[in-house]
Amino acid sequence: VIPYVLITPNETRRNQLQQSKLSFAKKELNDLERWKEEHRPGPIKLVPQRLGGKESEAQARQKQQMMLMQSKYQQKHKREEYVKAKKAAEEAEILKKKAIQREKAEKLEVKKRQQEMQRREMFREDRYYKTTELLNRLDSGLPKTDSCQIANRGPESTAWSRSHTYKQALREDENGRLEEMKQEQRRKAELMEFKQKQEEEARTRAHQNEQRRVNNAFLDRLQNKTQPNSIYQPGYSG
């Protein structure tokens with residue numbers, strides 16, 4: 001067990017401390033009130049003057065309302081222009097992607113046509129060489145004839161004439177086909193250029209019509225706002 005000593009409080013000392021604290025607080029409050037009283041602001045003296053302009057209150061309120069409506073319309077017009085520009089940019093991006101895909105498809109188609117033309121050309125050349133080789137073998141197998149036999153146009157001369165005529169017909173047919181293919185490629189190129197020009201003109205007309213429509217709508221709104229009998233008059237709650 002730890003021993004301890006109990007000291008009874010001194011009531012007189014405690015009362016004296018409380019009284020001193022109360023008196024000190026009261027003194028501070030009195031000092032604060034005296035300071036406020038000494039530093040109280042005096043009366044404000046202003047020279048009377050006329051305020052406002054030449055317009056009446058009704059005219060000023062009407063002008064204020066018109067300015068508010070114009071600002072609302074301008075904000076709405078800006079939002080519409082922003083949406084329209086965003087949509088136009090998206091459409092332009094889509095058209096650009098489509099044009100890229102179309103160009104790739106056209107290049108692939110041209111490449112396929114060129115490959116097909118090369119295959120046909122190789123096939124015709126191979127057929128022409130084989131036919132020429134066959135005709136040369138036939139010509140080499142014929143016996144030599146003198147001038148009398150040539151004049152009499154025997155069977156050997158007739159065979160040589162047929163082979164020569166056949167070779168010439170093959171050459172003419174080959175040249176004709178090449179010329180037809182060149183003309184076909186030229187017609188396709190002209191048709192593609194004409195289609196591109198039509199698409200460009202259509203896009204230009206559509207853009208001009210849209211711009212004209214926007215300008216007309218904006219002018220109509222301005223005209224409606226400036227008309228005296230417009231529904232946007234002060235006091236209208238429609």
Check step by step if salt bridge (Lys or Arg N to Asp or Glu O under 4.0 Å) holds for Glu184 and Arg187. CA-CA 5 Å; Glu184 182 68 20; Arg187 284 195 299 270; 2.5 Å; yes
Determine whether Glu90 and Lys87 satisfy the following criterion, salt bridge (Lys or Arg N to Asp or Glu O under 4.0 Å), listing intermediate values before the conclusion. CA-CA 5 Å; Glu90 292 177 354; Lys87 186 177 180 181; over 6 Å; no
Go through the steps to decide whether Glu109 and Arg113 satisfy the test side-chain contact (heavy atoms from CB on, under 4.5 Å), and finish with yes or no. CA-CA 6 Å; Glu109 186 67 22; Arg113 287 198 297 267; 3.0 Å; yes
Applying salt bridge (Lys or Arg N to Asp or Glu O under 4.0 Å) to Glu103 and Lys107, what does each step give before you reach the verdict? CA-CA 6 Å; Glu103 185 178 359; Lys107 288 182 179 180; 3.6 Å; yes
May I have the step-by-step check of side-chain contact (heavy atoms from CB on, under 4.5 Å) for Leu68 and Gln64, ending in yes or no? CA-CA 6 Å; Leu68 180 62; Gln64 184 180 7; 5.8 Å; no
Would you sort out whether Asn209 and Arg212 count as a side-chain hydrogen bond (donor to acceptor under 3.5 Å, both in side chains), showing the intermediate values? CA-CA 5 Å; Asn209 292 333; Arg212 191 179 298 110; 2.9 Å; yes
I'd like to know whether Asp31 forms a side-chain contact (heavy atoms from CB on, under 4.5 Å) with Arg34, so could you lay out the CA-CA distance, the side-chain angles of the two residues, the decisive distance to 0.1 Å, and finally the verdict. CA-CA 5 Å; Asp31 293 341; Arg34 187 169 53 256; 2.4 Å; yes
For Glu116 and Arg119, run side-chain contact (heavy atoms from CB on, under 4.5 Å): C-alpha distance rounded to whole Å, both residues' side-chain angles, the deciding distance at 0.1 Å, then the answer. CA-CA 5 Å; Glu116 184 66 22; Arg119 285 195 295 269; 2.5 Å; yes
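Looking at Lys96 and Glu93, no side-chain N of the basic residue comes within less than 4.0 Å of a carboxylate O on the acidic one, giving no salt bridge. Arg102 has no carboxylate O lying under 4.0 Å from a charged side-chain N of Glu106, or vice versa, which leaves the two without a salt bridge.
Side-chain contact annotation: Asn216 with Arg213, donor-acceptor N/O pair under 3.5 Å absent.
Rounding to the nearest 0.5 Å places CD of Glu28 at 10.0 Å from OG of Ser23. Atom NZ of Lys112 and atom CD of Gln115 lie 9.0 Å apart (nearest 0.5 Å). To the nearest 0.5 Å, atoms CG (Asn215) and CD (Glu210) are separated by 10.0 Å. Rounding to the nearest 0.5 angstrom, the gap separating the CG atom in Leu22 from the CG atom in Leu17 is 11.0 Å. Atom NZ in Lys72 sits 8.5 Å away from atom CE in Met69 (nearest 0.5 Å). Here Glu190 contributes atom CD and Lys195 contributes atom NZ; the two are 13.5 Å apart, rounded to the nearest 0.5 Å.
Using a 4.5 Å heavy-atom threshold, the side chains of Arg221 and Phe218 count as touching. Contact of the Leu178 side chain with the Arg124 side chain is registered, since non-hydrogen atoms from C-beta on lie closer than 4.5 Å. The closest side-chain heavy-atom distance from Gln70 to Leu222 is not below 4.5 Å. Looking at Glu81 and Val214, their side chains come closer than 4.5 Å, going by heavy atoms from C-beta outward. Counting only heavy atoms from C-beta outward, the side chains of Gln16 and Gln19 never approach each other to under 4.5 Å.
Other residues, nucleotides and ligands contribute more than 12 heavy atoms inside 6.0 Å of the CD atom of Glu38. When the shell of 6.0 Å around NZ of Lys188 is examined, it contains more than 12 heavy atoms from other residues, nucleotides or ligands. More than 12 heavy-atom neighbours from other residues, nucleotides or ligands sit within 6.0 angstrom of NZ on Lys84.
In this structure a side-chain-to-backbone donor-acceptor pair under 3.5 Å is missing from Asp126 to Met122. The main-chain N or O of Trp35 is found under 3.5 Å from a side-chain atom of His39 such that the two form a donor-acceptor pair.
Of the listed residues (His207, Glu200, Arg205), just one forms a side-chain contact (heavy atoms from CB on, under 4.5 Å) with Arg203, and that residue is Glu200.
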